[in-house]
Protein chains: 2
Amino acid sequence: MLGRRHPRERLVEQDLCERFQTHRGDVRLALFELEQKGIVQRIPNRGAIVRDLTPREVTEIYAVREELEVMATRILPLPVAESELARLGEIQQRHSAAIDNDDMLAVFYANLNFHEAVFELCGNACLIETIRQLEAKVYGIRFYANAFTEALDRARRDHLDIIDALRGGRRGDLIELTRQHLKPSPQAYIRAYERRFGNAGRE
Amino acid sequence: MLGRRHPRERLVEQDLCERFQTHRGDVRLALFELEQKGIVQRIPNRGAIVRDLTPREVTEIYAVREELEVMATRILPLPVAESELARLGEIQQRHSAAIDNDDMLAVFYANLNFHEAVFELCGNACLIETIRQLEAKVYGIRFYANAFTEALDRARRDHLDIIDALRGGRRGDLIELTRQHLKPSPQAYIRAYERRFGNAGRE
DNA sequence: GTCGGGACGATTGTAAACAATTTAATATAC
DNA sequence: GTATATTAAATTGTTTACAATCGTCCCGAC
């Protein structure tokens, strides 16, 4: 999720056992699960490699994310309780501080927590879970956008605007903010991808 | 998916090994995967049991399904090629024949194939996969609706109407058909659930 | 009669060894 | 020098055995 392992990199079961202090049974389990989530690709008898997403796949994933995240903000009961708003504010302070400290790991988690806290307000457990799964598919690409401080600053401002819209009960603004907030990441990834491989396709 | 295993039933790894002629490693893998899909529940050191869905969970799952299936019909390129329509017609003949023969297993598969063939037309692989996953969560409840022949006949008519709307390129009708087609199953399940446990909740 | 504790059986979780498969390297023929 | 066959190493897939855990049954104390 931090983009430390690059696409195509091989994931050898024995190595992962030592890395995570466990036995091959659990590593195997995890690799199958990650395959099911679309994060790694497994080839029988050859093992697992980190999957790289084509621009098309990224576009498709984000289209579904947008549909579902907008749905969440559409069904979310307004107004939101003050205690919930306080919780969001708290998470957002962590996010903001992490950006100031250049602590990317903390940024990652605070950002994740913030969005999960927002979507949990919608009350539909299946929707929340599905959004979470789609987020997981694109953990690896966020770092293409977050390389620029402008992107991080913009995310921070977006979050504050979202809290504000929640407090004001302005559903229309909320939906529009949700839409806009999703745009930069796939755009940055696709630009980077095309710089790497040319506009055609795979390397 | 046929509702043969009832909710709360224990799934013992060793039994499943003999049932499916394989070793515990793979059975274990499958159980973890089914847990991730929400079909079984696993309690550490105690094993897996068939999960039963509360009316609330079913309602939530179907709400997300409706959102995504409508999205699929919204983005689906029209008109549909005649070869695709022929394919759909062929699958639908299998479905219809299976109903006439009271072959529930064949009904199940033909119905699945039909819907997958329709949604594949939308061209968004992530969307298709997500819809498939949500379908899987409720495999077990369809049989509450299919107990009545009226429901099966209605499904058959719906399918023919869907093919017709696809041929005519009538997107509005298609969306409405998709919505209506999703309603009976959860309704029948919830009615049956409330008959079992009373309107309150768990047994 | 009921409550608490201990032993037993069943089941899951972990570890290690073994078999099968694939990749890479080396040697050999042309 | 290139292409092909052979062999060895690395890695995954499977099997087996063992350890840990949980539920149940039974017994005894109160």
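Convention: sequence-line order gives letters A, B, ...; per-chain numbering from 1. Model, not experiment: these values are computed from the prediction.
The interatomic distance linking A:Glu35 (CD) with D:dT12 (C1') rounds to 14 Å, in whole Å. As rounded to whole Å, 19 Å separates atom C1' of C:dT14 from atom CZ of A:Phe20. Atom CD1 of A:Ile43 is separated from atom C1' of D:dT11 by 13 Å (rounded to the nearest Å). In this structure, CG of A:Leu16 is placed 13 Å from C1' of D:dT12, rounded to the nearest angstrom. Rounded to an integer number of Å, the gap from CZ of B:Arg42 to P of D:dC22 is 13 Å. The separation between A:Gln14 atom CD and D:dG13 atom P is 14 Å, rounded to whole Å.
Contacts of A:Arg5 classified as side chain to side chain donor-acceptor pair (under 3.5 Å), with partners at least two apart in sequence or in another chain: A:Glu9. A search for side chain to side chain donor-acceptor pair (under 3.5 Å) contacts involving B:Asn111 returns B:His115, B:His159, not counting sequence neighbours. When the side chain to side chain donor-acceptor pair (under 3.5 Å) test is applied to B:Asp153, the partners found at least two apart in sequence or on another chain are B:Arg156. Listed by chain and number, the residues in a side chain to side chain donor-acceptor pair (under 3.5 Å) with A:Gln41 amount to none (sequence neighbours excluded). When the ring pair (Phe, Tyr, Trp, His ring centres under 6.0 Å) test is applied to B:Tyr144, the partners found at least two apart in sequence or on another chain are B:Tyr189. Here B:Tyr139 pairs with B:Phe108 under the ring pair (Phe, Tyr, Trp, His ring centres under 6.0 Å) rule; sequence neighbours left out.
Listed by first and then second residue, the salt bridge (Lys or Arg N to Asp or Glu O under 4.0 Å) pairs that reach into residues 23-35 of chain A are A:Glu13-A:Arg24, A:Glu13-A:Arg28, A:Glu33-A:Lys37, A:Glu35-A:Arg42, sequence neighbours excluded. The stretch residues 121-133 of chain A participates, sequence neighbours left out, in these salt bridge (Lys or Arg N to Asp or Glu O under 4.0 Å) pairs: A:Glu116-A:Arg132, A:Glu129-A:Arg132.
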Can you check each nucleotide of nucleotides 14-21 of chain D against protein heavy atoms at under 4.0 Å and return B for base, S for sugar-phosphate only, - for none, in 5' to 3' order? SB-----S
Using atom types as modelled, flag every donor-acceptor pair under 3.5 Å from a side chain in residues 75-89 of chain B to any protein atom, sequence neighbours excluded.
| unit_1 | atom_1 | unit_2 | atom_2 | d |
| --- | --- | --- | --- | --- |
| B:Glu82 | OE2 | B:Arg167 | NH2 | 3.4 |

N/O-N/O pairs, protein side and nucleotides 23-25 of chain D side, under 3.5 Å:
| unit_1 | atom_1 | unit_2 | atom_2 | d |
| --- | --- | --- | --- | --- |
| D:dG23 | OP1 | B:Arg46 | NE | 2.9 |
| D:dG23 | OP1 | B:Arg46 | NH1 | 3.1 |

Between the protein and nucleotides 7-10 of chain C, which nitrogen or oxygen pairs come in under 3.5 angstrom?
none

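Residue contacts for B:Leu11: at a heavy-atom cut-off of 4.0 Å it reaches the sugar-phosphate backbone alone, with no base atom in range.
Salt-bridge check for B:Arg94 with B:Glu90: failed, with every basic side-chain N at 4.0 Å or more from each acidic carboxylate O. A salt bridge links A:Arg154 with A:Asp158: at least one charged nitrogen is closer than 4.0 Å to a carboxylate oxygen.
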